[in-house]
Amino acid sequence: MMIEYQNVTISYWKWNVIKNLTAKIDGKVFIIGKNGSGKTTLIKATVGLLPYKGSIRIDGKEVREIKNYLGLSTNLGEVYNLGYSIDSILDIYSEEMNVDKELFSELLKEVELDIDLKSPLFKLSTGQSLLLRNILTFSSKPRIILLDEPFENIDPARKIIVAEWIKKFGEEGIITTHNLDILSKFPDYKLYVLSDSSLYGPITVKDFLESSVIEGESEDAILTLQVSGKKVSLVKGKEGIKIGLLGTIDRLYGV
Ligand SMILES: Nc1ncnc2c1ncn2[C@@H]1O[C@H](COP(=O)(O)OP(=O)(O)OP(=O)(O)O)[C@@H](O)[C@H]1O
């Protein structure tokens with residue numbers, strides 16, 4: 001079972017954000033890439049929220065033909081647009097998406113999120129709202145998780161709890177992030193880089209974090225990718241700029 005992309009093109013009007021992407025995603029993987037590279041766009045199309053050309057298959061089924069796939073869960077805000085108060089959202093999604101209310105309460109307690117369930121979602125802070133969407137994602141005990149930036153705006157202690165949930169829930173899926181610090185909690189996970197409309201990889205998170213970036217191609221490269229039309233290589237060893245020191249993946253593009 002896997003997520004398969006075949007010649008996938010996703011466009012806004014006539015502009016292709018993802019062009020002719022072909023990849024097979026097996027297990028739970030991370031996708032990183034600079035701002036605007038198309039990570040959210042890819043997740044949205046995979047969930048069925050955006051039209052695409054080509055084929056995206058989950059468990060062998062074409063996404064555009066699936067109406068409501070209960071094994072799949074996402075933290076995308078667009079999905080949680082029904083209901084007013086958090087209580088009513090929980091009611092709707094426990095029916096529509098098999099969200100388990102007990103598990104929801106347990107996870108809410110784990111992060112000690114001090115919120116009034118009667119209040120509307122828009123009253124939450126950006127971080128609280130994302131935590132809540134992450135909790136809703138995991139509370140349906142999904143087999144496939146599609147998480148867009150699950151650590152953004154979340155404080156360090158709670159980021160670690162979210163990382164534990166990612167390890168615990170779901171057998172397959174995609175997690176996008178800019179957060180290299182938290183990636184170190186997932187050394188054995190596979191990682192892809194989305195750049196110039198292609199997915200490069202996979203390499204392990206450990207190899208990625210131990211690598212350095214150099215311009216051009218290299219025989220020793222563990223990964224060569226194209227960034228804004230230029231070749232960039234990730235190598236192990238002393239040359240180049242150490243990825244771990246870059247802090248944020250976006251600076252990879254400044255080599
Ligand atoms: N609804 C839209 N209409 C037109 N263009 C869009 C729309 N949504 C996104 N884009 C454009 O598509 C490109 C990819 O956006 P996307 O949000 O997928 O990138 P991303 O990799 O998730 O970025 P970030 O890391 O900043 O979240 C961006 O250049 C963005 O401006």
Side-chain angles (χ1 to χ4, degrees), residues 3 5-23 25 28-56 58 63-64 72-81 125-134 137 144-154 159 162-163 166 173-183 186 189-203 205 208-209 213 223 225-230 232 234 243 246-255:
I3 304 171
Y5 300 98
Q6 211 170 5
N7 296 320
V8 173
T9 297
I10 312 168
S11 322
Y12 294 108
W13 299 95
K14 282 188 181 158
W15 183 55
N16 297 334
V17 176
I18 304 284
K19 205 161 54 192
N20 252 329
L21 181 97
T22 294
I25 304 275
K28 281 183 279 192
V29 307
F30 282 94
I31 295 184
I32 59 170
K34 68 173 174 176
N35 289 128
S37 56
K39 301 179 296 297
T40 305
T41 301
L42 188 64
I43 299 272
K44 280 186 185 166
T46 310
V47 174
L49 288 172
L50 276 180
Y52 56 88
K53 290 196 188 118
S55 168
I56 304 178
I58 296 181
V63 166
R64 65 168 75 83
L72 182 148
S73 199
T74 177
N75 66 349
L76 283 174
E78 285 83 346
V79 172
Y80 302 101
N81 56 4
S125 73
T126 317
Q128 286 175 327
S129 162
L130 176 59
L131 264 175
L132 197 85
R133 282 185 275 119
N134 285 341
T137 307
I144 301 163
I145 51 170
L146 291 164
L147 296 171
D148 194 29
E149 306 277 3
F151 307 109
E152 205 80 345
N153 293 304
I154 290 182
K159 260 186 211 170
V162 173
I166 291 174
I174 297 173
I175 305 122
T176 72
T177 188
H178 286 285
N179 202 297
L180 295 191
D181 294 341
I182 203 81
L183 269 184
F186 300 88
Y189 276 56
K190 287 180 194 156
L191 173 140
Y192 291 82
V193 184
L194 181 58
S195 180
D196 285 11
S197 187
S198 292
L199 268 186
Y200 294 92
I203 55 173
V205 166
F208 172 74
L209 291 176
V213 192
L223 192 71
L225 52 147
Q226 193 182 298
V227 179
S228 307
K230 279 195 265 175
V232 168
L234 300 187
I243 284 276
L246 285 177
T248 160
I249 189 63
D250 288 352
R251 287 175 56 196
L252 202 162
Y253 303 89
V255 288

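If you read the sequence from its start, that first residue is 1, and numbering goes on from there. In each ligand, atom 1 is the first atom listed, and ligand 1 is the first ligand listed.
Ligand 1 lies under 4.0 Å from heavy atoms of Y12, W15, V17, K34, N35, G36, S37, G38, K39, T40, T41, E149, H178.
In terms of heavy-atom proximity, K159 sits nearest to N179 at NZ-ND2, 3.0 Å. When all heavy atoms of T9 and S11 are compared, the pair lying nearest together is CG2-OG, 3.9 Å. Nearest heavy-atom pair across K28 and I145 is CD-CD1, 3.8 Å.
Residues passing the ring pair (Phe, Tyr, Trp, His ring centres under 6.0 Å) test with Y192: none are found, sequence neighbours excluded. With sequence neighbours left out, K44 forms a salt bridge (charged side-chain N to carboxylate O under 4.0 Å, His left out) with E78. Remark: Y200 engages no residue in a ring pair (Phe, Tyr, Trp, His ring centres under 6.0 Å) (not counting sequence neighbours).
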